[in-house]
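Written below as structure tokens is the structure these notes are about.
All residue numbers refer to positions in the sequence shown, counting from 1. Values below: all heavy atoms of this structure, side chains included; hydrogens, waters and symmetry mates excluded.
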Amino acid sequence: MKTATDPRHLRRREAVKVLFAETFAKQPRVPELVTNILKHKVRIDNLIKKAAPAWPINNLNKIDLAILRLAVYELENGDTPPKVIIDEAVELAKEYGGESSSSFINGVLGTIYKEEK
């Protein structure tokens with residue numbers, strides 16, 4: 001069962017914070033997970049664009065974009081079950097995002113998951 005002190009959850013929270021900060025300025029110390037996400041940013045962003053065509057990447061809430069980038073990377077490169085990744089992303093959106101962030105992120109990730117499957 002996931003808890004607030006679960007190391008995987010804490011790692012994801014930290015990654016989202018660094019990804020968010022990266023949208024504004026280059027960060028001096030970046031965890032390996034974030035480095036890997038940034039290496040694949042163009043491909044990840046293309047998947048997000050395809051899943052949410054009405055929302056250009058530049059117009060997305062920056063914290064939502066950070067959460068989506070992390071989740072899409074994990075969907076493609078992790079051994080964590082997709083439903084766990086999506087649930088984690090929704091929880092992060094509830095914690096850091098706006099009022100509609102969690103449903104938006106759930107919808108985008110659901111679309112990406114269905115298309116990848």
message: So, using side-chain hydrogen bond (donor to acceptor under 3.5 Å, both in side chains) as the criterion, who are the partners of E14 when residues are at least two apart?
response: none
message: With rounding to the nearest 0.5 angstrom, report the CD to CG distance, E22 to L65.
response: 12.0 Å
query: Could you give the distance from CD1 (I112) to CG (L75), rounded to the nearest 0.5 Å?
result: 7.5 Å
Flag if over 12 foreign heavy atoms under 6.0 Å of CD, E32: no
message: Considering only residues two or more places apart or on different chains, which pairs with a residue in residues 56-76 satisfy salt bridge (charged side-chain N to carboxylate O under 4.0 Å, His left out)?
response: R11-E74, R12-E74, R43-E76, D45-R69
query: Are V108 and I57 connected in a single hydrophobic cluster, I mean Ile/Leu/Val/Met/Phe/Trp/Tyr linked by side-chain heavy atoms less than 4.5 Å apart?
result: yes
query: Would a distance-only check, ignoring hydrogens and angles, find a side-chain to backbone donor-acceptor pair under 3.5 Å from D87 to K83?
result: no
- prompt: Thinking salt bridges, do R13 and E95 make one under a 4.0 Å N-O criterion?
  reply: yes
query: Under the side chain to side chain contact (heavy atoms under 4.5 Å, CB included) criterion, do L109 and I85 qualify, and how do the steps go?
result: CA-CA 9 Å; L109 293 176; I85 293 169; 5.6 Å; no
Polar side-chain atom of E115 near backbone of Y113 as donor-acceptor pair, under 3.5 Å: no
task: Can you sort out the partners of F20 under ring pair (Phe, Tyr, Trp, His ring centres under 6.0 Å), two or more places apart, ordered by chain and number?
output: F24
message: With a 4.5 Å cut-off on side-chain heavy atoms, are L60 and I48 touching?
response: yes
query: Please walk me through it: do F104 and N61 pass side chain to side chain contact (heavy atoms under 4.5 Å, CB included)?
result: CA-CA 11 Å; F104 173 72; N61 178 321; over 6 Å; no
query: Just by distance, do the side chain of H40 and the backbone of N36 share a donor-acceptor pair under 3.5 Å?
result: yes
- prompt: Within a strict 4.5 Å, meaning less than it, do heavy atoms of the L33 and V18 side chains meet?
  reply: no
- prompt: Do L38 and V34 have side-chain heavy atoms sitting under 4.5 Å apart?
  reply: yes
